[in-house]
Amino acid sequence: MVTLNLCLDQMALRLAAPDQLVGVSYLSQDPRLSVLADRAAALPPVRDSVESILILRPDLVILGQGSHARLKRLLRDAGVRVLELPWATSIGEAETVIEQMAAALGREDVGRSLIAGMREQRRQLAWKGAPRGTAVYLEANRGTSGKGSLMDELLRLSGYRNLASELGIGSFGRLSLETVLAGQPDLVVLDGTANDNPARATEFVGHHALLALAGQAKLASVPTKYSICAGPDNFETMRRLAEAGR
């Protein structure tokens with residue numbers, strides 16, 4: 001089997017039996033994006049070309065729905081079975097994708113165990129009191145995640161109102177620093193490693209205005225790899241939000 005999507009890679013690396021997975025997308029080997037980069041590094045990296053896939057002689061290729069239409073057609077023409085799975089944008093949707101992938105691999109027991117572990121972590125980490133306050137999530141180019149996004153769900157589960165959602169921003173949008181400052185969030189969530197290699201897209205991390213806000217708001221550093229995909233890694237995000245809120 002080969003997977004050709006960072007988020008599907010993360011699930012396959014947990015679900016597949018030894019020697020069942022023969023290739024993963026090259027993105028899964030990037031430690032900035034993949035929690036399982038070390039495990040993925042032991043497998044051939046695959047790009048979205050039929051040649052790089054067929055050379056591995058897989059009996060199954062798992063890809064995301066609504067993408068790579070030409071590649072899927074070429075793989076089917078070559079006699080390779082293709083499974084299309086949806087993009088999960090919530091923890092619940094991730095559980096559904098895990099069930100579907102586990103069934104395709106004949107690993108239903110492993111899938112059920114993984115889902116049970118996720119539900120237990122959610123039970124333990126979900127905030128049960130009154131709202132802790134308002135949080136804002138910032139990423140490169142002043143991007144943010146609003147209503148309907150995975151980060152919105154994680155903030156709510158952790159007891160926070162999402163400033164972006166309250167401002168009417170959808171799953172993905174942008175927030176100016178002025179808007180962030182005016183919103184007076186109680187918690188600022190960002191990838192504290194984003195400016196390790198400074199670039200214009202990430203310079204906001206060290207912006208003096210944001211640092212000034214740090215005197216009033218708490219800061220939570222959450223590496224992107226824990227929230228880029230819906231699934232088991234999301235609970236590390238919730239742990240970091242909980243620690244920052246203490």
Side-chain angles (χ1 to χ4, degrees), residues 1 3 5-18 20-21 24-25 27-28 33-40 60 62-65 83-133 135 137 145-162 164-165 171-172 187 189 191 220-246:
M1 173 189 68
T3 49
N5 169 302
L6 172 65
C7 297
L8 296 177
D9 295 338
Q10 306 298 297
M11 294 181 181
L13 287 163
R14 289 179 166 95
L15 293 171
Q20 197 171 24
L21 184 61
V24 292
S25 80
L27 290 175
S28 68
L33 301 175
S34 171
V35 174
L36 302 178
D38 289 347
R39 225 185 284 183
L60 172 67
I62 302 180
L63 308 95
Q65 286 180 351
L83 174 64
E84 299 182 57
L85 293 177
W87 178 269
T89 59
S90 69
I91 294 173
E93 290 177 3
E95 292 180 2
T96 299
V97 174
I98 289 170
E99 287 177 346
Q100 293 173 336
M101 183 182 290
L105 299 178
R107 302 276 285 174
E108 290 89 346
D109 288 350
V110 179
R112 283 191 288 269
S113 177
L114 182 58
I115 291 171
M118 290 171 60
R119 290 178 177 174
E120 176 60 19
Q121 289 187 81
R122 177 172 177 163
R123 185 192 67 77
Q124 292 180 7
L125 292 168
W127 180 253
K128 300 171 180 65
R132 286 170 153 168
Y137 172 66
S145 298
K147 187 175 182 179
S149 67
L150 174 61
M151 181 56 74
D152 186 56
E153 178 184 28
L154 298 178
L155 288 174
R156 286 187 289 104
L157 285 173
S158 301
Y160 290 98
R161 295 184 298 271
N162 184 358
S165 293
S171 296
F172 301 100
L187 179 70
V189 184
D191 183 347
S221 176
V222 181
T224 301
K225 62 184 177 181
Y226 295 124
S227 61
I228 195 170
C229 299
D233 302 318
N234 300 155
F235 301 105
E236 180 59 26
T237 295
M238 291 181 65
R239 287 188 192 92
R240 291 180 180 234
L241 293 175
E243 289 171 3
R246 291 191 183 122

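All values below come from the heavy atoms of this structure, side chains included, with hydrogens, waters and symmetry mates left out.
- Partners of R246 under the salt bridge (Lys or Arg N to Asp or Glu O under 4.0 Å) rule, at least two apart in sequence or in another chain, do not exist in this structure.
- With sequence neighbours excluded, no residue satisfies side chain to side chain donor-acceptor pair (under 3.5 Å) with Y160.
- Note: M101 CE to T3 OG1 = 6.5 Å, rounded to the nearest 0.5 Å.
- Take A37 and apply the side-chain contact (heavy atoms from CB on, under 4.5 Å) test, not counting sequence neighbours, and it matches P31, S34.
- Across every non-hydrogen atom of L6 and S28, the tightest pair is CD1-CA, 3.6 Å.
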Give every donor-acceptor pair under 3.5 Å between a side-chain atom in residues 222-229 and any protein atom, sequence neighbours left out.
unit_1, atom_1, unit_2, atom_2, d
T224, OG1, D191, OD2, 3.2

- Check step by step if side chain to side chain contact (heavy atoms under 4.5 Å, CB included) holds for I62 and L85. CA-CA 7 Å; I62 302 180; L85 293 177; 3.7 Å; yes

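- Annotation: salt bridge (Lys or Arg N to Asp or Glu O under 4.0 Å) contacts involving residues 103-115, sequence neighbours excluded, comprise D109-R112.
- The list of salt bridge (Lys or Arg N to Asp or Glu O under 4.0 Å) pairs with a residue in residues 226-238, not counting sequence neighbours, reads R14-D233, E236-R239, E236-R240.
- Qualifying side chain to side chain donor-acceptor pair (under 3.5 Å) partners for T89, counting only residues two or more places apart in sequence or in other chains: E93.
- Two residues are said to be in side-chain contact when any heavy atoms from C-beta on lie closer than 4.5 Å; L21 and M1 meet this criterion.
- Atom CD of Q20 sits about 9.0 Å away from atom CG of L60, to the nearest 0.5 Å.
- Applying the side-chain contact (heavy atoms from CB on, under 4.5 Å) test to P86 and every residue at least two apart in sequence or in another chain returns Q65, V97, Q100.
- In this structure, the side-chain contact (heavy atoms from CB on, under 4.5 Å) partners of R119, at least two apart in sequence or on a different chain, are E95, I115.
- Partners of D152 under the side chain to side chain donor-acceptor pair (under 3.5 Å) rule, at least two apart in sequence or in another chain, are R156, N162, S165.
- We find the CD-OG distance between Q10 and S25 to be 8.0 Å, quoted to the nearest 0.5 Å.
- Here the closest heavy-atom approach between residue A94 and residue A230 is recorded as CB-O, 3.5 Å.
- With hydrogens and angles ignored, the 3.5 Å screen pairs a side-chain donor or acceptor of R132 with a backbone N or O of S158.
- L8 approaches G64 most closely through the heavy-atom pair CD1-N, 3.8 Å.
- To the nearest 0.5 Å, the span separating OG1 on T237 from CE on M151 amounts to 5.0 Å.
- Every residue meeting the side chain to side chain donor-acceptor pair (under 3.5 Å) condition with E120, not counting sequence neighbours, appears here in chain and number order: R123, Q124.
- A102 is linked by a side-chain contact (heavy atoms from CB on, under 4.5 Å) to L15, counting only residues two or more places apart in sequence or in another chain.
- Across every non-hydrogen atom of A104 and L83, the tightest pair is CB-CD2, 3.6 Å.
- Separating the OG atom in S149 from the CG atom in L155 is a distance of 7.5 Å, to the nearest 0.5 Å.
- Considering all non-hydrogen atoms of both residues, R39 and L13 come closest at NH1-O, 3.0 Å.
- Note: L154 CG to L241 CG = 7.5 Å, rounded to the nearest 0.5 Å.
- Between I91 and L157 the shortest side-chain heavy-atom distance falls below 4.5 Å.
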